[in-house]
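Working notes, structure below.
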Amino acid sequence: MATDSRKRQAKREDGRPKTATLADVAKVAGVTSMTVSRVIKGSGYVAPATREVVLRAAQELNYTANLAARALVTGRTGAIAIISGDLNLPYCANIVYLFDSLLSASGYQIHLLHTRGELRDLINSTNSASVDGVIVAGMHHFFEELSSLDRHVIPPCVHVGITKPSQGDYVHVDLRPAVEEALERMLAAGRKRIALVGVGSHLSVDETEIRPQTYISMMQNAGRELEFVSASPRYEVPGPERVNIIKQYIEANGCPDGLLCFNDDIAIQTYRALMDLGYRIPEDVLLVGCDGLPILQYFEPPLSTIAQPMEEMCALAWKFLQNRIATPDAPPQCTNFDAQLIVRKSLQN
DNA sequence: TGGACCTTTGCATTTAAGCG
DNA sequence: CGCTTAAATGCAAAGGTCCA
């Protein structure tokens, strides 16, 4: 102990800042560092009087736990990586916000990543994962790739989103029933031209994407022509530009009388384009988005949307990940939710 | 190459309390 | 008083990286 103190003192003379350690607190409190550790962690037996003395010493020395040293012993970093799409997308921002609330409440820190390269760097930096777990929001291809890597290097992983990975823990939401319901309502209302807004006829988003898949099968079963208003749902296309793309399409081709939008962002831009061109909702066009953004209810008329039970999904995914961290070899945990169609005036005749 | 860094964990030891 | 049990505390080792 005396040796340690001399070394710390020497460092201080070198001009390096000295931070209090468990041993420093222990010395002041007159106990060993193990007792201090128990008090700080709140685990194990410590007499109330001893606890008080230790806490006072810790406060006096402005002690904060050395997370790196703790990770060294426990193999836990107290950090979770979240890999999501771009935060420009309200859907992704909302997911990150929800996980942030959940993880913070559990005392975890978040590493927010957007690319597989970022996670790889994180892992390579120490030859082992420097996070306790990974949440992959959407991006199921990435999840599959991650799951196939060396399990000794890759931390526990859970996927949450509208695609269903072939392995691992996941929380999946099925958009199909709600998309079908929206299209059935448009068909039942006698709408002649029902188009999908946001994806081109070449289905540039993802061939496994359930929205265009459902749209195509429903329209074909109803004997209807397929019609795609190509306005990339990706964030690279700025909103005003997308409004113009949609307006140009309508001016060139006339306006479909039913519009299913790939997401709520696109629904809002489609709304803007329709208003600018003098179309009425729902009289001329039935309009529905997808994401469940609350702001849609404040439009006039209020916009319909396909909503996912985001809070339940995120809470369950976090529970799955905690289970996986605790028992790495347990069987896969999977849950499926159905998205719900929120019908507002834009989808009512 | 080996020791220092800092913390936690499993196990061992000591102390206190309860009871006949 | 002496035994048993529970509570409280301490010891030793381990972990990855850095630096002399």
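Keep in mind the model is a prediction, meaning the values are calculated, not measured. The sequence lines fix the lettering, A, B, ..., with proteins before strands; numbering per chain opens at 1.
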Query raised in the report: Salt-bridged, D169(A) to R324(A), with N to O below 4.0 Å?
Result: yes
Report summary line: Separation between CG (L226(A)) and CD (Q220(A)), nearest 0.5 Å, reads 5.5 Å
With a cut-off of 3.5 Å and sequence neighbours excluded, list every side-chain donor-acceptor pair involving residues 276-288 of chain A.
| unit_1 | atom_1 | unit_2 | atom_2 | d |
| --- | --- | --- | --- | --- |
| D276(A) | OD1 | R272(A) | NE | 3.1 |
| D276(A) | OD1 | R272(A) | NH2 | 2.9 |
| D276(A) | OD2 | K247(A) | NZ | 3.1 |
| R280(A) | NE | D284(A) | OD2 | 3.3 |
| R280(A) | NH2 | D284(A) | OD1 | 3.1 |
| D284(A) | OD2 | R280(A) | N | 2.7 |

**Report entry** Counterpart residues, side chain to side chain contact (heavy atoms under 4.5 Å, CB included), relative to E52(A) (two or more places apart)
**Finding:** R56(A)
Requested in this report: Would you tell me if any nitrogen or oxygen in the side chain of T50(A) comes within less than 4.0 Å of OP1 or OP2 on dT9(C)?
Outcome: yes
Report summary line: Whole-Å distance, K27(A) NZ to dC6(B) C1', equals 16 Å
Can you check nucleotides 7-9 of chain B for protein contacts, nitrogen or oxygen pairs under 3.5 Å, and list what you find?
| unit_1 | atom_1 | unit_2 | atom_2 | d |
| --- | --- | --- | --- | --- |
| dT7(B) | OP1 | Y63(A) | OH | 3.1 |
| dT7(B) | OP1 | N66(A) | N | 3.2 |
| dT7(B) | OP2 | L22(A) | N | 2.5 |
| dT8(B) | OP1 | R70(A) | NE | 2.7 |
| dT8(B) | OP1 | R70(A) | NH2 | 3.1 |
| dT8(B) | OP2 | S37(A) | OG | 2.7 |
| dT9(B) | OP2 | K41(A) | NZ | 2.9 |

**Report entry** Residue pair E227(A) / Y249(A), side-chain donor-acceptor N/O under 3.5 Å
**Finding:** yes
Query raised in the report: What pairs of residues pass the side chain to side chain donor-acceptor pair (under 3.5 Å) test when at least one of them lies in residues 286-300 of chain A, not counting sequence neighbours?
Result: none
Report task. Any ring-ring contact (aromatic ring centres under 6.0 Å, His included) involving residues 309-349 of chain A? Give me the pairs, sequence neighbours left out, ordered by first then second residue. Result -> Y108(A)-W318(A)
Query - Angle by which the axis turns from one end of the helix from dT1(B)-dA20(C) to dG20(B)-dC1(C) to the other, five pairs per end, to 10 degrees - result: 40°
Report task. Answer yes if L196(A) and V243(A) sit in the same cluster of Ile, Leu, Val, Met, Phe, Trp and Tyr residues linked by side chain heavy atoms under 4.5 Å apart, and no otherwise. Result -> no
